[in-house]
Amino acid sequence: MPELPEVETVRKGLTKLVVGLKINSVEVLYPKMINLPAPEFENQIAGKDIVQIDRRGKYLLFRLSDDLTLVSHLRMEGKYEVEAEGTPRPKHTNVVFHLNNGCELWYKDTRMFGKMALVKDDEVFALSGLNKIGPEPTESDLKFDYMKEILLKSHRKIKSFLLDQSKIAGLGNIYCDEVLWMSKINPEQATNYLSDAEIKLLRKNIIAEISAAIKGHGTTVHSYSNAFGEAGEFQNKLHAYGMKDEPCSRCGTKMVKIKVAQRGTTYCPKCQAVHGDLSE
DNA sequence: CCGCTTTCCTGGATGC
DNA sequence: TGCATCCAGGAAAGCG
């Protein structure tokens with residue numbers, strides 16, 4: 001499932017493949033995923049140039065000519081692929097962009113969870129989700145003082161908190177488990193019982209992990225591959241996610257899987273012991 | 001406002 | 001073997 005590093009990898013790949021091209025026409029094959037009636041969506045995009053591709057959190061922002069932005073969220077299994085015009089399309093192709101270089105840009109999504117919204121540039125950050133998205137998990141954007149303030153103000157379990165895009169942008173289930181393992185913090189730990197040292201460590205690990213994953217072209221779990229079809233290289237470095245019943249690579253204790261905030265959550269019961277209070 | 005639960009989807013895994 | 005059921009999960013809607 002794509003998280004921030006995977007989305008960034010897709011952004012870079014697509015930038016090389018489609019920026020500078022014109023979209024001659026669009027076919028919406030699954031209208032539920034777009035924010036406009038299909039004919040309106042298709043008409044507005046036809047003839048526009050792909051000027052630039054930006055990213056905010058897990059959202060891709062296709063900057064088009066005439067002050068339009070196509071916002072795209074891959075959710076669980078969304079993928080882009082560029083093929084020659086006329087290439088047989090796979091089963092779950094949801095949107096096809098016909099480009100002026102003889103190629104088609106496909107948006108494919110087996111679980112049909114992905115979303116696209118076509119809006120004017122100045123309306124992007126009014127869209128739900130983007131209107132309250134938290135800082136990027138980077139050294140410059142994610143400040144210690146901010147983290148401390150929002151963590152101590154909340155009474156949630158840390159795992160649930162980290163998944164909340166309005167607090168910090170970009171972390172999904174995989175990286176949440178990873179950064180908590182790295183920081184030796186129990187996923188059910190109440191955020192308001194974290195020490196300064198733990199917050200400092202957590203912040204450092206979030207920034208380091210995301211940055212390393214971007215350098216490694218994103219993680220690969222299930223079906224993810226990037227815009228060039230390359231599998232991510234980061235999968236070999238996972239320590240918690242998907243490691244249920246495996247020995248903790250730090251202390252050898254058998255890793256345990258529980259549910260926190262409706263999400264599968266794997267952690268080491270020894271390294272990541274609870275202290276203070278659990279949230280209720 | 002806050003936080004928890006449910007819903008959206010399909011395919012692969014599991015159960016009988 | 002084949003059919004039914006469960007499970008995975010990001011984000012938003014619904015609810016108290």
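Convention: sequence-line order gives letters A, B, ...; per-chain numbering from 1. Quick caveat: nothing in here was measured; it's all calculated off a predicted structure.
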Mind checking A:Tyr30 for me? I need base, sugar-phosphate or nothing, with any heavy atom below 4.0 Å counting as a touch. sugar-phosphate
If you look at every strand shown and take non-hydrogen atoms under 4.0 Å, does A:Lys132 touch a base, only sugar-phosphate, or nothing? nothing
Could you run down the sub-3.5 Å N/O contacts of the protein with nucleotides 14-16 of chain C?
none

Any carboxylate oxygen within less than 4.0 angstrom of a Lys/Arg side-chain nitrogen, looking at A:Glu136 and A:Arg55? yes
Map A:Gly264 and A:Leu130 onto DNA chain C by nearest heavy atom, then report which one ends up closer to the 5' terminus. A:Gly264
Just to confirm, is there a sub-4.0 Å distance from OP1 or OP2 of B:dT10 to any side-chain nitrogen or oxygen of A:Thr110? no
Could you write out each protein N or O paired with an N or O of nucleotides 4-6 of chain C at a distance under 3.5 Å?
none

Results of salt bridge (Lys or Arg N to Asp or Glu O under 4.0 Å) for A:Lys167 - residues two or more places apart only: A:Asp164
Please check if A:Val95 and A:Trp106 belong to a single hydrophobic cluster, counting links between Ile, Leu, Val, Met, Phe, Trp and Tyr side chain heavy atoms closer than 4.5 Å. no
Any donor-acceptor pair under 3.5 Å joining the side chain of A:Arg111 to the base of C:dA8? yes
Give the nucleotide from the list C:dA8, B:dT5, C:dG10 with an atom nearest to the side chain of A:Lys58. C:dG10
From C:dA11, B:dC8, C:dA12, nucleotide with atom closest to A:Gln165 side chain: C:dA11
Are the side chains of A:Leu29 and A:Thr93 in touch, meaning some heavy atoms are under 4.5 Å apart? yes
Rounded to whole angstrom units, what separation is found between the CG atom of A:Leu60 and the P atom of C:dA11? 12 Å
Could you tell me if A:His92 and A:Thr110 have a donor-acceptor pair between their side chains, going purely by distance under 3.5 Å? no
Measure from the side chain of A:Tyr59, starting at C-beta and using heavy atoms only, and say which of C:dA12, C:dA8, C:dG10 lies closest. C:dA12
Show each protein N/O and nucleotides 1-3 of chain B N/O combination with a separation under 3.5 Å, one pair to a line.
unit_1 : atom_1 : unit_2   : atom_2 : d
B:dG3  : OP1    : A:Ser154 : OG     : 3.4
B:dG3  : OP1    : A:His155 : N      : 3.3

Using only heavy-atom distances, determine whether the side chains of A:Ser72 and A:Tyr80 contain a donor-acceptor pair under 3.5 Å. yes
Rounded interatomic separation in angstrom, taking OH from A:Tyr241 and C1' from C:dG9: 8 Å
For A:His73 and B:dC8, give me the distance from atom NE2 to atom C1', rounded to whole Å. 14 Å
How is A:Lys159 classified with respect to the nucleic acid when contacts are heavy atoms under 4.0 Å: base, sugar-phosphate, or nothing? nothing
Heavy atoms, side chains only, cut-off 4.5 Å: are A:Leu99 and A:Leu105 in contact? yes
Quick check: on DNA chain B, is the nucleotide nearest A:His92 upstream (toward 5') of the one nearest A:Gln262, or the reverse? Name the residue that is more 5'. A:Gln262
How about A:Met33 and A:Tyr107: do any of their side-chain heavy atoms sit closer than 4.5 Å? yes
Hey, can you pull the donor-acceptor pairs under 3.5 Å for the side chains in residues 257-265 of chain A, sequence neighbours left out?
unit_1   : atom_1 : unit_2   : atom_2 : d
A:Thr265 : OG1    : A:Lys159 : NZ     : 2.8
A:Thr265 : OG1    : A:Arg263 : O      : 3.0

For A:Arg63, which of A:Ile50, A:Val19, A:Val124 qualifies under side-chain contact (heavy atoms from CB on, under 4.5 Å)? A:Val124
Would you say that A:Asn101 contacts A:Val18 through its side chain, given a criterion of any heavy-atom pair below 4.5 Å between the two side chains? no
Using whole Å, report how far CD1 of A:Ile133 lies from C1' of C:dG10. 12 Å
Sort and list the pairs that fulfil salt bridge (charged side-chain N to carboxylate O under 4.0 Å, His left out) and have at least one residue in residues 84-102 of chain A, not counting sequence neighbours. A:Glu27-A:Arg89, A:Arg89-A:Glu104
Specify the separation, in whole Å, of atom CZ of A:Arg75 and atom P of C:dA13. 10 Å
Starting from C1' on C:dA12, measure out to NZ on A:Lys115 and report it in whole angstrom. 9 Å
How long is the line joining CE of A:Met112 and C1' of C:dG10, in whole Å? 17 Å
Interatomic distance, A:Leu163 CG vs C:dA8 C1' [rounded to whole Å]: 14 Å
Does a side-chain N or O from A:Lys259 land closer than 4.0 Å to OP1 or OP2 of C:dA8, or not? yes
Within the 4.5 Å heavy-atom criterion, are A:Leu180 and A:Tyr267 side-chain neighbours or not? no
